[in-house]
Structure formats: C-alpha cells, structure tokens
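Positions are given from 1 along the sequence.
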Amino acid sequence: MIDNLFIPRGYRPLLDLKQTEHAITVVKDAFQSGLSSELRLRRVTAPLFVLKGTGINDDLNGIERPVTFPVKDLGDREAEIVHSLAKWKRMVLTDYDIEPGYGIYTDMNAIRPDEVLDNTHSIYVDQWDWERHITKEERNAKFLRKVVRSIYEVIKRTEFILYEKYPQLTPLLPSKIHFIHSEELLQMYPDLTAKEREDAICKKYGAVFLSGIGGDLSNGEPHDGRAPDYDDWISEDGEGFQGLNGDILLWNPVLEKAFEISSMGIRVDAEALNNQLKEKNCENRKEFLFHKRLLNDEFPLSIGGGIGQSRLCMYFLRKAHIGEIQSSIWSDEMRRVCNENNIPIV
C-alpha cells in the first residue's frame, strides 16, 4: 500500500465516467459564471509560462522548482511554467486599468513537479485565479470576510445546481462558513499538528475560513508556508491578530479530512512587501521587475486568490482521488491500488 494514499472503506463512485465528465462541465460553467457576477470580474487570457528572473512566477512556499526551458528565438533565455498567477494578475489589473470594486479572473494551468502525489495533489494544477482592485479602506479583516462569504455563496449555489441534475449528490455544505484565525486554532488545539487542527475545526463546522497563514504563531512556527511577495500575512488585521489572508477549507466526508478549496488574501502593499521580504531573508527579490514596480506603487491595492477547479469538482462529485477528475501522471503502483479499490483513475 502507498503511504500517502487514502482508500475510503467501501468506496463506490456515485457517477460513472460519462456522468462525471458532464458533471465537471456543469460545475465549471456554473461556478465561474457565479464568481464573475458575484465579485464583478471579467475574464482575461493567462500565460502558461513566463520569463525566468522577472519575479512574476509564484514561489509558493519558496522551495518548489519550476519547470524551465530555453527559448531559441530569445537567445535561449529561460522560461518557466507558472506555479500560479498570484503576481501576474496584479500587473494585469494595472494594464487593463481596472477600477476599484472590479477585477479579473482566468483559467490557470500549471505544473508543479515537486508535489507529493496523493488523493488531492497532482503535478498538474488547474484553478480559477482571480484578482480585484480594492481601496485602502478595504485592507482589513472585515472586508476579507465579506469577500469570503461571497465566494462561499457561489460554492453553495453551484452545489445546488449540480444536485438538481444529479440527485444522488446530496448537498452537504452548512448555511454559513465559520471564521477563525490560525492563532485561535492553535490555542484551541495546542497538542495537534497544523493539519490535525484543520481536520478538527472542519469536522466541527463543515466549512471554515482559516486566516493568518504565513507568519509565525505563538509556538514560533507558521501554520503553513506562504511566499513573501503576494499575500499579506504580516500586517495587523485590526482585530488583534496578524495576517490578511487565509484558506477556504471544507470537511470532506469521503476522505474524512479538511479539504482546501482556495488560498486567497489581501495582497501586500509596499510596506508589507518590505517587511515580509526581510522576515524571509529574500530582500534580493527587490531587484526583480515585479517587486520594483510594486515598491514604486505602480500597482493597485488588491485582493485575490486561486480556487481549485479539479478540487471543487472532486468535492462536489464525492470523488476519492483527484485523478478521477483530471488526466495527469501517477505511479503504476498508485494506479494499481486505486483500480483494486474501485477508484477509476482517468
């Protein structure tokens, strides 16, 4: 058995392969339409790769290696397959001259070769990346929660639309999403690991927004890693805590654990970027194109995030493995074990 593979007892897919493909289309069409309307976002076209050394690619936790390749017609300059578009989107807000209260979204496709492959992680990542122009007065926890509630309402509406077409997919989401800061969660469950704390709070409430991810907590450790140059995890939130970012987590009854749907947050301004680069010993990044422009206040203040497309489909369709939703690369052993346990990998 593969250590990082969870096999639900007695698992049987609720939809066959043809139904699954149709249901994926239903989810994607309904959700992106609802998200665009709810947050006032227009669709834009996104890059699959960017030039190395510009600082535009997402560094995730700062240790993941991007896929790189030389571009012949540019004198073999190296390009990188994107990890996500967290920083690129902010540049687009500027280029498109998006007004406050409006924003953009795009289909983001990425390759993350350093992912540990399991039920929920693939080297292929697909998500809706979105970014919205905000005002200085909106850079606080109250506004962050308002946006989270709006996204959660779209998730709930999508769940019902799918249920109308496939009644076997009974809605599970609670009426409201619960908000908690990572420091509060640590104090609630001091003897558990970060992931165990997420499991405990999600099992209790069903849907949770966990804020303040990236900065050190009272135990001297961050709840989870975050790059220093997009989400603001260091600023005071106005309510006694640090961090203006977080994750939307849902309780997954198939996998019996917390299930991350979205990572999002209010983005760094020049002050927060300086502080976070210093905190993570990354001040050399100030020489990159993106960072220079941000420090020169060339970008609008913004809030944004990524919402996993395959993840959301996996949750709604009650799938045990992300490979039932998307086509990717898996070990022969993982395919064998999944096949033996009624988990049809695409």
Side-chain angles (χ1 to χ4, degrees), residues 35 38-41 86-87 89-90 93 100-103 129-156 174-189 194 197-198 200-202 204-219 221-250 258 260-276 279-280 294 299-307:
L35 183 70
E38 190 74 22
L39 296 186
R40 293 187 288 187
L41 310 175
K87 291 178 281 188
K89 291 175 298 179
R90 200 160 176 188
L93 284 183
Y102 295 87
D129 258 343
W130 64 275
E131 199 82 9
R132 176 170 158 167
H133 188 171
I134 64 174
T135 65
K136 185 176 181 180
E137 291 71 29
E138 291 171 330
R139 294 194 82 256
N140 55 62
K142 182 178 179 180
F143 182 75
L144 175 63
R145 288 196 295 266
K146 178 182 177 181
V147 174
V148 170
R149 290 190 185 97
S150 294
I151 295 172
Y152 186 64
E153 286 302 315
V154 178
I155 294 174
K156 287 201 301 176
S175 60
K176 296 181 180 180
I177 188 168
H178 180 74
F179 292 87
I180 189 168
H181 191 276
S182 53
E183 179 63 38
E184 294 176 296
L185 189 63
L186 173 63
Q187 297 306 318
M188 187 179 296
Y189 302 110
R197 296 196 293 270
E198 289 183 4
I201 198 68
C202 282
K204 182 176 181 179
Y205 290 103
V208 174
F209 183 72
L210 179 62
S211 61
I213 299 177
D216 287 349
L217 304 177
S218 59
N219 64 354
E221 302 174 354
H223 178 84
D224 199 358
R226 283 294 185 276
D229 38 21
Y230 54 97
D231 280 355
D232 185 339
W233 43 257
I234 204 168
S235 296
E236 297 293 331
D237 67 359
E239 299 180 357
F241 296 108
Q242 278 187 314
L244 298 171
N245 69 337
D247 291 342
I248 296 177
L249 307 171
L250 306 177
E260 181 186 323
I261 292 296
S262 174
S263 175
M264 59 173 288
I266 290 173
R267 305 310 198 186
V268 290
D269 57 11
E271 180 181 3
L273 177 62
N274 267 317
N275 291 336
Q276 291 182 181
E279 181 83 10
K280 296 295 184 179
L294 197 154
F299 299 146
L301 300 175
S302 66
I303 183 172
I307 302 168

[X]: salt bridge (Lys or Arg N to Asp or Glu O under 4.0 Å) partners, not counting sequence neighbours:
| X | value |
| --- | --- |
| K156 | E153 |
| R197 | none |
| R40 | none |
| E184 | none |

Would you indicate whether Q187, at its atom CD, is surrounded by more than 12 heavy atoms from other residues, nucleotides or ligands within a distance under 6.0 Å? yes
Working for salt bridge (Lys or Arg N to Asp or Glu O under 4.0 Å), residues R149 and E38: CA-CA 10 Å; R149 290 190 185 97; E38 190 74 22; over 6 Å; no
Which pair of non-hydrogen atoms, one from [X] and one from [Y], has the smallest distance, and what is that distance?
| X | Y | result |
| --- | --- | --- |
| E279 | W233 | CG-CH2, 3.9 Å |
| L93 | P300 | CB-CG, 3.8 Å |
| P222 | G214 | CB-O, 3.5 Å |

Determine whether D232 and R139 satisfy the following criterion, salt bridge (Lys or Arg N to Asp or Glu O under 4.0 Å), listing intermediate values before the conclusion. CA-CA 10 Å; D232 185 339; R139 294 194 82 256; 2.8 Å; yes
Answer yes or no: is there a side-chain heavy-atom contact under 4.5 Å between [X] and [Y]?
| X | Y | result |
| --- | --- | --- |
| L39 | W130 | yes |
| L301 | T135 | no |
| V268 | Q276 | yes |
| N140 | D237 | no |
| L294 | K87 | no |
| N245 | I266 | no |
| I201 | L210 | no |
| Y230 | K89 | no |

Any ion pair linking R145 and E239 (charged N to carboxylate O, less than 4.0 Å)?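 So E239 pairs with R145 through a salt bridge.
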Using distance alone, with no hydrogens and no angle criterion, decide if S218 and E183 have a side-chain donor and acceptor under 3.5 Å apart. yes
Are side-chain N/O atoms of S263 and R226 paired as donor and acceptor at under 3.5 Å? yes
Taking [X] for its side chain and [Y] for its backbone only, find out whether a donor-acceptor pair lies under 3.5 Å.
| X | Y | result |
| --- | --- | --- |
| E131 | R90 | no |
| S182 | H223 | no |
| S262 | G306 | yes |

With sequence neighbours left out, the residues meeting ring pair (Phe, Tyr, Trp, His ring centres under 6.0 Å) with H181 are F241
Ring pair (Phe, Tyr, Trp, His ring centres under 6.0 Å) involving Y205 - partner list, sequence neighbours excluded: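 Per chain and number, Y205 pairs via ring pair (Phe, Tyr, Trp, His ring centres under 6.0 Å) with H178.
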In Å and rounded to the nearest 0.5 Å, what is the CD1 to NZ distance from I303 to K146?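 Rounded to the nearest 0.5 Å, the CD1-NZ separation comes out at 10.5 Å.
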